[in-house]
There are 2 protein chains.
Amino acid sequence: MQPAPHVHTVRIEPLKAACTSCNLRELCLPVGMSDHQLDQLEQMVSVRRTVARGEALFRTGDTFNSLYAVRTGFFKTCVTSEDGRDQVTGFQMAGELLGLDGIGTELHTCDAVALEDSNVCVIPFHQLEELSREFSDLQRQLHRVMSREIVREHGVMLLLGSMRAEERLAAFLLNLTQRLRARGFSATELVLRMTREEIGSYLGLKLETVSRAFSKLQDDGALEVKQRQIKLLDPAALQALVDGSAC
Amino acid sequence: MQPAPHVHTVRIEPLKAACTSCNLRELCLPVGMSDHQLDQLEQMVSVRRTVARGEALFRTGDTFNSLYAVRTGFFKTCVTSEDGRDQVTGFQMAGELLGLDGIGTELHTCDAVALEDSNVCVIPFHQLEELSREFSDLQRQLHRVMSREIVREHGVMLLLGSMRAEERLAAFLLNLTQRLRARGFSATELVLRMTREEIGSYLGLKLETVSRAFSKLQDDGALEVKQRQIKLLDPAALQALVDGSAC
DNA sequence: CGCGAGCTTGATGCCGATCAATGCATGTGG
DNA sequence: CCACATGCATTGATCGGCATCAAGCTCGCG
């Protein structure tokens with residue numbers, strides 16, 4: 001857990017390479033920074049943590065110390081109400097940030113669970129704040145990331161509040177493929193990392209309904225579904241669903 | 001619309017008084033600050049804007065320059081999808097912040113509409129960023145506000161994803177009264193500033209369903225409903241609904 | 001006074017939840 | 001290697017909650 005001395009023997013190149021295609025690269029890459037600042041940045045994110053599939057990176061109630069940037073793997077975040085109602089609030093892939101929920105109260109307010117063996121950069125938050133006071137580009141990037149998370153959640157609220165099952169699934173799949181494409185993966189083929197139940201929780205549906213929606217989209221020729229292997233045959237049709245032209 | 005010179009003739013004292021009970025007071029009140037810093041802060045938030053009932057403070061697509069702190073009045077924010085689907089994403093009262101959605105893209109991504117004649121503090125964002133680099137308490141408070149907004153939205157997602165109509169309404173009313181109480185108002189009586197349709201949009205329900213839910217809660221003795229005048233007769237029962245004990 | 005926006009209430013139908021059975025892939029132990 | 005268990009997915013049948021359609025109702029206001 002602690003940044004042990006030997007960490008400094010880790011070659012830096014692989015890290016930089018990974019960050020090149022990272023949403024958060026401006027949090028950890030030299031954008032017009034002095035050597036001194038660069039040193040500080042690299043030190044700050046030099047701690048890694050691996051999380052086995054099914055394990056939690058943090059849980060509701062854990063004290064908040066750090067943000068986490070996903071290096072490899074896949075996570076879900078979920079909130080749980082008093083009575084045990086459970087809601088997946090998001091899925092995070094490489095280059096995305098976890099832990100913003102904890103800043104407000106110094107306690108995490110959701111669980112972050114790895115859906116496959118994963119590896120994250122640990123970003124001690126008070127160090128990040130300190131550095132972002134010195135370096136305005138870093139500050140701006142942090143604010144952007146938080147703002148975009150707020151906007152993303154607005155989109156989910158729209159989805160949960162006004163879309164029907166197939167529309168929700170279409171929106172979900174398009175969002176996933178778009179994010180995968182930004183990372184150099186196919187825009188039309190993907191392997192789901194989560195179960196139907198987790199998709200359902202995220203979309204406000206039961207797993208049976210998710211399954212039926214998959215089948216329906218497949219029957220309509222928009223998808224090819226083989227368990228968790230999905231092929232988008234007609235992305236435009238999916239987009240039309242989301243845009244409501246199919247009313 | 002423009003901050004005209006005469007704005008500076010506005011007396012400062014009323015502002016301080018208003019901010020005392022303000023959620024955001026640490027953004028604009030002297031918390032161990034030097035006189036110099038204090039001057040800067042006061043200057044930064046010295047511009048006001050009034051927004052008449054039904055008018056927009058900003059709209060989707062407007063360029064983002066400032067955050068806005070509600071001084072008096074009441075707002076709703078709503079996002080609109082391509083096809084005209086509409087979703088109220090929040091209601092803001094005195095002391096709450098508007099505009100965080102615009103930081104990420106430099107464009108506002110939702111509409112902020114006044115539900116009654118309102119008055120806001122204009123907080124130029126780049127000035128706020130600058131000042132928050134100098135003053136860590138300010139920085140921390142800004143981060144907290146953004147994080148809490150993220151957490152709030154998690155709660156709304158839980159509501160939209162897994163609660164039934166009456167539970168949603170109960171959660172909504174309890175949330176409203178809690179925020180009103182924090183501002184010195186009654187914890188049991190309130191006057192709704194929004195229509196049934198706007199409540200419905202926020203809760204992912206149609207206005208008829210909202211109306212029926214009000215009637216049901218009234219029949220059950222939990223509420224007294226007279227148009228927009230609401231009295232909570234049995235807050236515990238409402239809380240029990242939200243907590244799911246009524247399954 | 002009468003208009004209109006917003007609210008309530010009723011009747012009906014549909015979408016998705018629920019209950020239940022089956023299918024399919026992976027893994028484990030005999 | 002097969003038998004069986006287990007977890008996940010699919011599909012069908014039925015049910016219920018909310019949407020929809022359709023009347024009235026209330027209240028504020030010109």
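Numbers restart at 1 for each chain; the letters A, B, ... are given by sequence-line order, proteins then strands. A quick note: this is a predicted structure, and the numbers were derived from the prediction, not measured.
The base of C:dC19 sits within donor-acceptor range of the side chain of A:Glu208, with an N or O pair under 3.5 Å.
B:Thr60 and B:Asp111 form a side-chain donor-acceptor contact under 3.5 Å, judged by distance and modelled atom types alone. Under the 3.5 Å distance criterion, with hydrogens and angles disregarded, a donor-acceptor pair is assigned to the side chains of B:Thr80 and B:Asp86.
Residue A:Arg196 contributes atom CZ, which lies 18 Å from atom P of D:dG7 at whole-angstrom precision. Atom CZ in A:Phe214 sits about 15 Å away from atom P in D:dC8, given to the nearest Å. Per the geometry, CD belonging to A:Gln229 stands 10 Å off P belonging to C:dT26, to the nearest Å. Taking atom CG of residue A:Leu169 and atom C1' of nucleotide C:dG16, one finds them 14 Å apart after rounding to whole Å. As rounded to whole Å, 14 Å separates atom P of D:dC8 from atom CG of A:Leu192. Residue B:Lys206 contributes atom NZ, which lies 14 Å from atom C1' of C:dC15 at whole-angstrom precision. Between A:Glu197 atom CD and C:dG16 atom C1' the separation is 16 Å, expressed in whole Å. When rounded to the nearest whole Å, the span between CG of A:Asp219 and C1' of D:dT10 equals 12 Å.
Listed candidates were C:dC7, D:dA19, C:dA17. Nearest to the side chain of A:Leu205 is C:dA17. The side chain of B:Thr195 has C:dC7 as its nearest neighbour among C:dC19, C:dT8, C:dC7.
Residue A:Ser211 has a polar side-chain atom (N or O) positioned under 4.0 Å from OP1 or OP2 of D:dT10. In this structure, A:Ser215 reaches the D:dT11 phosphate: one of its side-chain N or O atoms is under 4.0 Å from OP1 or OP2. One finds no side-chain N or O of B:Arg212 lying less than 4.0 angstrom from the OP1 or OP2 phosphate oxygen of C:dT9. Between C:dC7 and B:Arg228, a contact under 4.0 Å exists linking OP1 or OP2 to a side-chain N or O.
Using a cutoff of 4.0 Å between basic side-chain nitrogens and carboxylate oxygens, A:Glu167 and B:Arg85 are scored as salt-bridged. A salt bridge between B:Glu116 and B:Arg53 is absent, with no side-chain N of the basic residue lying under 4.0 Å from a carboxylate O of the acidic one.
In terms of position along DNA chain C, the nucleotide closest to B:Leu207 lies nearer the 5' end than the nucleotide closest to the other residue of the pair A:Met163 and B:Leu207.
The aromatic rings of B:His108 and B:Phe64 sit perpendicular, their planes meeting at an angle over 60°, well past the 30° parallel limit.
Among the heavy atoms of the strands lying under 4.0 Å from B:Gly204 are primed sugar atoms or P, OP1, OP2 only; no base atom is included.
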